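Everything numeric here is computed off the predicted structure, so don't read it as measured data.
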Amino acid sequence: MTLLTTCGSALSIPDVVMGVRDSAFLKWRFVDMPSKSYRFFTLMSSTDKRLVAYAVCDADSAVMNVDDFLVDPTVPSAATRLWLELSREATRMGHSSLCVEFLGSDQEQRQLSAAGLIVRDQRPVYASFAVPSPATNKCLTDASTWYLTSADDD
């Protein structure tokens with residue numbers, strides 16, 4: 001788990017409504033979970049060995065589920081590389097498909113589409129807030145400013 005300690009700062013995404021993604025959260029959500037077994041996949045920079053992307057997956061029969069992922073938006077090829085490597089690993093492990101639940105920006109949605117993932121269904125997302133200021137209201141009601149994965153679901 002020490003490899004992921006930089007997630008909170010190194011992979012933060014400015015101006016996005018997103019839950020904490022640090023080693024404490026990942027350990028609580030995935031490592032300390034007695035009912036499931038998860039695998040962590042990381043993508044490291046070849047130049048300075050810093051974390052540029054990660055995915056946390058579980059396998060359910062023929063499907064490899066991506067329960068959480070985060071990609072450094074400053075590394076242009078990181079998303080493409082992450083989805084390519086996850087697809088290859090899913091195939092090597094004998095899975096016939098890769099599944100991810102995600103609400104995020106159009107750019108991130110395009111990256112998923114470019115990797116060959118297709119939208120199969122959608123479901124509503126509900127959230128509750130203290131009364132926001134007019135300046136933050138647009139940010140809270142615009143789905144493209146959110147970053148949600150299965151890790152944020154209870």
Legend entry - Inter-residue atom distance Leu82.CG - Asp72.CG, 0.5 Å rounding: 12.0 Å
Inset, instruction - Mind running side-chain contact (heavy atoms from CB on, under 4.5 Å) on Leu26 and Val31 for me, showing each step along the way? - result: CA-CA 7 Å; Leu26 294 171; Val31 176; over 6 Å; no
Inset, instruction - Verify whether the ring centers belonging to Tyr147 and Phe102 lie closer than 6.0 Å. - result: yes
Inset, instruction - Applying side-chain contact (heavy atoms from CB on, under 4.5 Å), run through Leu51 and Thr42 and close with a yes or a no. - result: CA-CA 7 Å; Leu51 180 67; Thr42 58; 3.8 Å; yes
Inset, instruction - Could you tell me whether the side chain of Leu117 reaches within less than 4.5 Å of the side chain of Trp83, counting heavy atoms only? - result: yes
Legend entry - Interatomic spacing from SG in Cys57 to CZ in Phe41 - rounded to 0.5 Å: 5.0 Å
Inset, instruction - Would you check if Val66 and Leu98 make a side-chain contact, meaning some heavy-atom pair closer than 4.5 Å? - result: yes
Legend entry - Asp152 side, atom CG; Trp146 side, atom CH2 - distance, nearest 0.5 Å: 9.5 Å
Legend entry - Nearest non-hydrogen partners of Leu43 and Ala78, listed with the distance: CD2-O, 3.5 Å
Legend entry - Sub-4.5 Å side-chain heavy-atom contact between Phe30 and Asp58: no
Legend entry - Backbone N/O of Arg50 and side chain of Asp48: donor-acceptor pair under 3.5 Å: yes
Legend entry - Exam field: side chain Glu108 to backbone Ser105, donor-acceptor pair closer than 3.5 Å: yes
Inset, instruction - Rounded to the nearest 0.5 Å, what's the gap from CE on Met44 to OH on Tyr54? Could you check? - result: 13.5 Å
Inset, instruction - Determine whether the side chains of Thr149 and Asp68 contain a donor N or O and an acceptor N or O closer than 3.5 Å. - result: yes
Legend entry - Closest non-hydrogen atom pair, Gly104 against Gln109: N-NE2, 3.5 Å
Inset, instruction - Step through the shown structure and confirm whether more than 12 heavy atoms of other residues, nucleotides or ligands are within 6.0 Å of CZ on Arg29. - result: yes
Legend entry - Heavy-atom closest contact (Arg123 atom, Asp153 atom, distance): NH2-OD2, 2.8 Å
Legend entry - side-chain hydrogen bond (donor to acceptor under 3.5 Å, both in side chains) between Ser97 and Arg120, worked out: CA-CA 12 Å; Ser97 63; Arg120 292 177 37 156; 5.4 Å; no
Legend entry - Value rounded to 0.5 Å, distance of OG in Ser144 from CD in Gln107: 11.0 Å
Inset, instruction - Report yes if some heavy atom in the side chain of Glu101 is under 4.5 Å from a heavy atom in the side chain of Gln122; otherwise report no. - result: no
Inset, instruction - Measure the shortest side-chain to side-chain distance between His95 and Glu89 over non-hydrogen atoms and say whether it is less than 4.5 angstrom. - result: no
Inset, instruction - Could you please spell out the steps behind the side-chain contact (heavy atoms from CB on, under 4.5 Å) verdict for Met93 and Arg88? - result: CA-CA 9 Å; Met93 293 174 65; Arg88 287 179 177 163; over 6 Å; no
Inset, instruction - Before giving the answer on side-chain contact (heavy atoms from CB on, under 4.5 Å), spell out for Gln111 and Val71 the whole-Å C-alpha distance, their side-chain angles and the decisive distance to 0.1 Å. - result: CA-CA 11 Å; Gln111 291 169 342; Val71 178; 5.6 Å; no
Inset, instruction - Check whether Phe40 and Trp28 end up in the same hydrophobic cluster, where Ile, Leu, Val, Met, Phe, Trp and Tyr are linked by side-chain heavy atoms less than 4.5 Å apart. - result: yes
